[in-house]
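Residues: numbered from 1 along the sequence shown.
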Amino acid sequence: MAALGGDGLRLLSVSRPERQPESAALGGPGPGLCCWVSVFSCLSLACSYVGSLYVWKSELPRDHPAVIKRRFTSVLVVSSLSPLCVLLWRELTGIQPGTSLLTLMGFRLEGIFPAALLPLLLTMILFLGPLMQLSMDCPCDLANGLKVVLAPRSWARCLTDMRWLRNQVIAPLTEELVFRACMLPMLAPCTGLGPAVFTCPLFFGVAHFHHIIEQLRFRQSSVGSIFLSAGHLIGPVLCHSFCNYMGFPAVCAALEHPQRRPLLAGYALGVGLFLLLLQPLTDPKLYGSLPLCVLLERTGDSKAPLCS
């Protein structure tokens with residue numbers, strides 16, 4: 001190598017091929033077309049999910065058990081087929097994630113316990129005020145409340161309640177699968193990991209506008225109250241289920257509560273602690289290696305902030 005001299009070294013440095021994104025190396029479409037394919041794939045998934053709810057024509061409201069059972073069938077079919085959309089996206093863009101499809105979508109054992117506990121704990125901290133309000137308004141004490149929650153009869157009653165199954169089980173599982181597990185790997189190579197995390201909720205939010213039409217159709221709420229309660233936090237399935245259970249915080253009721261001072265202090269403390277603990281409790285190092293970082297590295301974006 002030294003015998004080549006300066007000119008030889010310069011020749012080697014010029015002739016050494018630069019690393020190219022995975023799609024370009026495989027002769028796939030350019031970055032612009034990849035982004036269009038990614039956005040179109042996500043839109044197709046969102047439309048398919050919402051459209052599956054309306055394949056059953058009915059004049060009954062969405063909370064009727066017959067409507068819920070039919071929608072269970074359609075959304076489970078769409079959710080089961082949604083990974084095929086990711087496979088099609090991979091073929092169209094030529095991007096090879098470097099890991100299995102299930103691992104890329106978040107189905108892995110590594111870091112499963114902190115992934116299940118820490119985000120749920122963080123969400124409960126954010127809902128500290130509403131939880132205090134719920135305990136104040138509950139007629140039973142803590143011991144009796146725990147007995148009711150842990151009683152097998154209570155769980156049996158929940159498992160036969162169609163609305164409970166929809167809000168706490170089916171909706172969190174299917175919506176997180178479609179709107180996070182499938183969309184995030186397709187958006188991340190296009191927008192980067194950080195923007196993709198904030199873009200997925202946009203598809204999720206737009207897909208929930210059909211609730212507004214249904215509630216106005218059956219005169220269940222006013223336009224103002226619907227917009228205050230239509231959205232939920234995007235997160236793991238447990239956080240999604242918890243947020244569905246809690247609903248939108250009843251801030252107006254807290255302002256008129258007999259014990260509003262400690263209650264409002266709980267609201268403020270919950271928000272403050274949430275902001276304080278958000279970064280340390282969502283540190284990627286707590287949850288093992290990130291398959292999405294492998295995907296970004298293979299597409300040429302090895303300097304993603306969340307992956308460094």
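Rounding to the nearest 0.5 Å gives a distance of 8.5 Å between CE of M186 and OG of S44. For the atom pair CD1 (I170) and CD (E175), the distance works out to 11.0 Å, reported to the nearest 0.5 Å. The distance from atom CG of L159 to atom OG of S154, rounded to the nearest 0.5 Å, is 11.0 Å.
For E110, the CD atom is densely surrounded, since the number of other residues' heavy atoms within 6.0 Å is greater than 12. For CG of L87, the number of neighbouring non-hydrogen atoms (other residues, nucleotides, ligands) closer than 6.0 Å is greater than 12.
The side-chain contact (heavy atoms from CB on, under 4.5 Å) test with C85 is passed by exactly one of S41, C42, C182: S41. Paired with F203 under the rule side-chain contact (heavy atoms from CB on, under 4.5 Å), one option of L187, L45, V178 passes, and it is L187.
For the cysteines C35 and C190, the sulfur (SG) atoms lie within a distance shorter than 2.5 angstrom of each other.
Counting heavy atoms from C-beta on, the side chains of S58 and H64 never come closer than 4.5 Å. In this structure the side chain of Y267 never reaches within 4.5 angstrom of the side chain of V271, judged on heavy atoms. At least one side-chain heavy atom of L128 sits less than 4.5 Å from a side-chain heavy atom of M132.
Both L121 and F274 belong to a common hydrophobic cluster when Ile, Leu, Val, Met, Phe, Trp and Tyr are linked at side-chain heavy-atom distances under 4.5 angstrom. Both I95 and L88 are assigned to one and the same hydrophobic cluster, defined by single-linkage of ILVMFWY side chains at heavy-atom distances under 4.5 Å. A continuous path of ILVMFWY side-chain contacts below 4.5 Å connects L273 to F242, so both sit in one hydrophobic cluster. Placement of L238 and I112 in two distinct hydrophobic clusters is found when ILVMFWY residues are connected by side-chain heavy-atom separations under 4.5 Å, directly or transitively. V77 and V75 fall within a single hydrophobic cluster, where Ile, Leu, Val, Met, Phe, Trp and Tyr are joined by side-chain heavy atoms under 4.5 Å apart, directly or via other members.
Other residues sharing the hydrophobic cluster of W56, ordered by chain and number and joined by side-chain separations under 4.5 Å: V55. Through side-chain heavy atoms spaced under 4.5 Å, either directly or across other Ile, Leu, Val, Met, Phe, Trp or Tyr residues, L117 is tied to no other residue.
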>> Quick one, H257 with D137, criterion side chain to side chain contact (heavy atoms under 4.5 Å, CB included). Give me CA distance, side-chain angles, the key distance, then yes/no.
In response: CA-CA 10 Å; H257 200 277; D137 296 338; 2.8 Å; yes
>> Applying side chain to side chain contact (heavy atoms under 4.5 Å, CB included) to W164 and W155, what does each step give before you reach the verdict?
In response: CA-CA 10 Å; W164 188 91; W155 284 99; 3.9 Å; yes
> Given M162 and V67, is the side chain to side chain contact (heavy atoms under 4.5 Å, CB included) satisfied, shown in steps?
Replying inline: CA-CA 10 Å; M162 290 295 103; V67 175; over 6 Å; no
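With hydrogens and angles left out, the side-chain atoms of T174 and Y49 include a donor and acceptor closer than 3.5 Å.
Looking at residues two or more places apart in sequence or on another chain, you find a side chain to side chain donor-acceptor pair (under 3.5 Å) between T103 and S100.
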